[in-house]
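Step one of this worksheet: look at the structure below.
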Amino acid sequence: MFFFSAFVSAVLASQASAAVVSGSKASSFAGSTSTFQFPPEGVTATASLINSLFPDASEVGFAGPTPTGDEAESVATAPALSPVKGFFPLVRPDTSDEKGKTFNVVDSWANLSPMQSVKSFGLDNATEQIPEGCKINQVFVLHRHGARYPTSGSSPASFAATVHSAAGNGTFVATGPLEFLNTWTYRLGAEILTPFGREQLFELGVGTRVKYGDLLKNFTGLPVWRTTSEERMVDSALHFAAGFFGVQSYQTSYYQLIEIEQQGFNNTLAPYDQCPNANNDISGLGSQATSAWNNVYLVDAQKRLAPFLPGFNLTISDLSAMQTLCPYETVALGYSAFCDLFTEEEWKGFAYSIDLSFWYGNGPGNPAVSAQGIGWVQELVARLTQTPITTFDTTTNDTLVGNNITFPLDQPIFVDATHDTVISAILPAMNFTTLAAGGPLPLDHIPTNRTYKVQEISPFASRLIGQVLSCPASDTPTHIRWILNDGVLPQTGINGCGEDPNGLCEINAFIAGMKQRIEEVDFAFDCFGNYTFSLSNDTITNGQFPQ
Ligand SMILES: *[C@@H]1O[C@H](CO)[C@@H](O)[C@H](O)[C@H]1NC(C)=O
Ligand SMILES: *[C@@H]1O[C@H](CO)[C@@H](O)[C@H](O)[C@H]1NC(C)=O
Ligand SMILES: *[C@@H]1O[C@H](CO)[C@@H](O)[C@H](O)[C@H]1NC(C)=O
Ligand SMILES: *[C@@H]1O[C@H](CO)[C@@H](O)[C@H](O)[C@H]1NC(C)=O
Ligand SMILES: *[C@@H]1O[C@H](CO)[C@@H](O)[C@H](O)[C@H]1NC(C)=O
Ligand SMILES: *[C@@H]1O[C@H](CO)[C@@H](O)[C@H](O)[C@H]1NC(C)=O
Ligand SMILES: *[C@@H]1O[C@H](CO)[C@@H](O)[C@H](O)[C@H]1NC(C)=O
Ligand SMILES: *[C@@H]1O[C@H](CO)[C@@H](O)[C@H](O)[C@H]1NC(C)=O
Ligand SMILES: *[C@@H]1O[C@H](CO)[C@@H](O)[C@H](O)[C@H]1NC(C)=O
Ligand SMILES: *[C@@H]1O[C@H](CO)[C@@H](O)[C@H](O)[C@H]1NC(C)=O
Ligand SMILES: *[C@@H]1O[C@H](CO)[C@@H](O)[C@H](O)[C@H]1NC(C)=O
C-alpha cells in the first residue's frame, strides 16, 4: 500500500499547510512527488471469479440482434470533413494578460499540444477529401503516440525537486500569483500515456475507420500494423486498433508488430537508436538553440515573477520548466495553475523555443536528420512498388522487413506508430521543402515569414496520411498526396512533382523522386561521420550535412 499511503499523506500535508502558509511560513512538502497506482497492490481479477460470477459476454449470451452495416468512406462520400478542434475534457487555460480573449494558449504548446486540424500548408482549397474524379486505392497512416507524461528526469521533475529542496530547507515562501506553489505537489509520472492520450488514439482509430474503412474490403488477410516496444507506443497502437475495430474484436482482427526500441536495434520507427550523431553534440544543437532563445523571451517573466519567491533563485531554466509544466499537467490532470502565469507573448515565445529545438535538433537544420528519416522512405518505396528491400544499409531491420509476413507489401491500409522527432525527420527526408521555405530560424527573435511550426508537425497524436489515388477512378493508382494533420502538403520540393492545387503528384514521378532522395541522403556519413557543426554555421534546410 506504499503508493496509496504516500498519496494520502501528501493530501493531509497539503490540508495542514494551508493554515501554515497563510501565516507566511514555508511549507516543507512543496514540490514533493505524489504518485498513485490502481488496482491496489496484490489485487487482480481472478479467473475463478470471472468463471463463476463474471462470465464474459459470449457465455452470457442474449446479445440481441447484431447485423453489421457497410463500411464508411467519408473522404469520398461526405461533402466536407469535420476538423479536429478542442480537447475535451481538458480545461482551456488563460494567459496572465489577455483573460478571455481569442488567443488560445493550447495553440502554443507545439509538440505538447493535442493535435488540432491545420488550416493550410499553402494549398488553401485542398482538404483530406479526395479530389473530384479520383478514387482512393490505398492509405498510409503514420502517427505519433498520444499525450504523455514528461520524459524521465526532464525539466518538470527537476523543477519540482528544486522547489522541494528549498521547501525542506525552510526557505520556500511563495506569494502573489505563485502562492499556489506552497501547496503544489508533483503529480506526474513519466513516459507513459495519460488517459487523455489514450482518448486521442482511440479517436484516431475511429476517425480512420470512418474515413477509410471501405479499403478493408481489399484485404485478403489480416492487417499487419506496426509500433515500437515502449509502453506508450504499444498503448497508442492498441487504442488505435480498439477505436478502429472495437474493443470486442480488435485482438482478433489484425496483427500488431512491436519492434524493439532500444539503442543499437534497427527500427525505422525509432531511427535515432541506430544513429550516433542523433545522440551527441550534433543532436544537442536543438537544445543549444532553445537555451539561447529562452534567455531572450523569458527575461521579462523572470523580472515579473522572481519577487514572489523571495530567497529563491528563480532562473530562466526554472521559468522554462514552469511553462512546460502547463501542457504536461493539463494533458495529465485536466488543468494546470502554471498556464496563466505567462503572457500571450511569452506563450508565443514558448512555441518558438520548441520550433528551434526541432529545427536544429530534429528537423531541417540538423545534419543527421534526413538520414534518420530515410529508412522509412525506403520502406515506403518498397510498399509502393511491391518490391522487397534486399539491401539493409540504413535503420531498416532485415529480420522484420526482409520477411513478407511481418512486412507485407500489399496492404490497402498501412498503420505505423512513431514519435514526434521521427515524423519531423521523415518530412525533410521526403523533401517537403515548403515547410523549410522560411529558412534557418533566428535565435533572437520570432521571424514573420515562419513556415516551420512544430504545432503543425508533431503535436500529440499527429498523423501523416498518404493517399494513393486513381484519377480517373480505376484499380490502377495514378497519383499520391500527403496530408499532415488535416492540411494537404505541397509536393513542389520533390523533383518531378510540381504544383497542383490538390497537392497531387503523379505516382511514378513521386516514386522516382523518393528513389532519388534515397541516393541523395548519405546515411552512413550523416549518422556515423565524425564531423563538427555549430549553430554559427548552421544554414542547412534539408536535414543533411552540406556536400
Ligand atoms: C481557391 O479557390 C478560390 C475560388 O475558386 C480561388 O479564388 C483561389 O485562388 C484558390 N486558391 C488557391 C490557393 O488555389
Ligand atoms: C478492391 O479490389 C477490387 C478487385 O480487385 C476492385 O474492383 C476494387 O475497386 C478495389 N477497391 C479499392 C477501394 O481499391
Ligand atoms: C538546501 O540546502 C542544501 C544543504 O545546505 C543545499 O545544498 C541546497 O542548495 C539548498 N537548496 C535550495 C533550493 O536552497
Ligand atoms: C530487428 O528487430 C528485431 C525485433 O525487434 C530484433 O530482435 C533484432 O535484434 C533487430 N535487428 C537489428 C539488426 O537490430
Ligand atoms: C542563480 O542561478 C544562476 C543559474 O544557475 C546562477 O548563475 C546564479 O549565480 C545564481 N544566483 C544566486 C544568487 O545564487
Ligand atoms: C542495421 O543497421 C545498420 C546500419 O546502421 C546496417 O548496416 C545493418 O545492415 C542493419 N542490420 C540489419 C540486420 O538490418
Ligand atoms: C513470402 O516469402 C516466402 C518465402 O520467401 C515465399 O514462399 C512466399 O511466396 C512469399 N509470399 C508472398 C505473398 O510474397
Ligand atoms: C525570411 O526572412 C528573413 C529575414 O527576416 C530573410 O532572410 C529570408 O530570406 C526570408 N525567407 C523567405 C523565404 O522569405
Ligand atoms: C530535394 O530538394 C533539394 C533542395 O533542397 C533539391 O536540390 C533536390 O534535388 C531535391 N531532391 C528530390 C529528389 O526531389
Ligand atoms: C573525431 O575526430 C576528432 C579529431 O578530428 C578526434 O579527436 C576524435 O577522437 C574523433 N572521435 C571519434 C569518435 O572518432
Ligand atoms: C562549423 O563550424 C565549426 C567551428 O565552429 C567547424 O569546426 C566546422 O567545420 C564547421 N562546419 C561546417 C560544415 O562548415
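As the structure lists them, so they are numbered: ligands from 1, and atoms in each ligand from 1.
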Hydrogens and angles aside, do Asn485 and Ser462 bring a side-chain donor and acceptor to less than 3.5 Å of each other?
yes
Which is closest to atom 14 (O) of ligand 10 in terms of heavy atoms, Asn530, Asn280, Thr532?
Asn530
Quick one about Gln274 and Thr395 (side-chain donor to acceptor, distance below 3.5 Å, no hydrogens or angles considered), yes or no?
no
What is the nearest protein non-hydrogen atom to atom 5 (O) of ligand 5, stated with its residue, atom name and distance?
Thr315 CG2, 4.1 Å
Any chance the side chains of Asp97 and Thr95 put a donor and an acceptor closer than 3.5 Å?
yes
What protein heavy atom lies closest to atom 3 (C) of ligand 4? Include the residue and the distance to one decimal.
Asn397 ND2, 3.5 Å
Quick one: look up the protein heavy atom nearest atom 7 (O) of ligand 4 and list residue, atom name and how far away it is.
Ile260 CD1, 3.8 Å
Can you tell which part of Leu400 has a heavy atom less than 4.0 Å from ligand 4: side chain, backbone, both or neither?
side chain
What do you reckon, are the aromatic ring centroids of Tyr352 and Trp293 less than 6.0 Å apart?
yes
Which of Ile413, Leu257, Asp416 passes side chain to side chain contact (heavy atoms under 4.5 Å, CB included) with Trp225? Answer is Ile413
Side chains of Glu261 and Ser229: any donor to acceptor distance under 3.5 Å?
no
Any protein heavy atom < 4.0 Å from atom 11 (N) of ligand 10
yes
Minimum-distance protein heavy atom relative to atom 6 (C) of ligand 5
Asn313 ND2, 4.2 Å
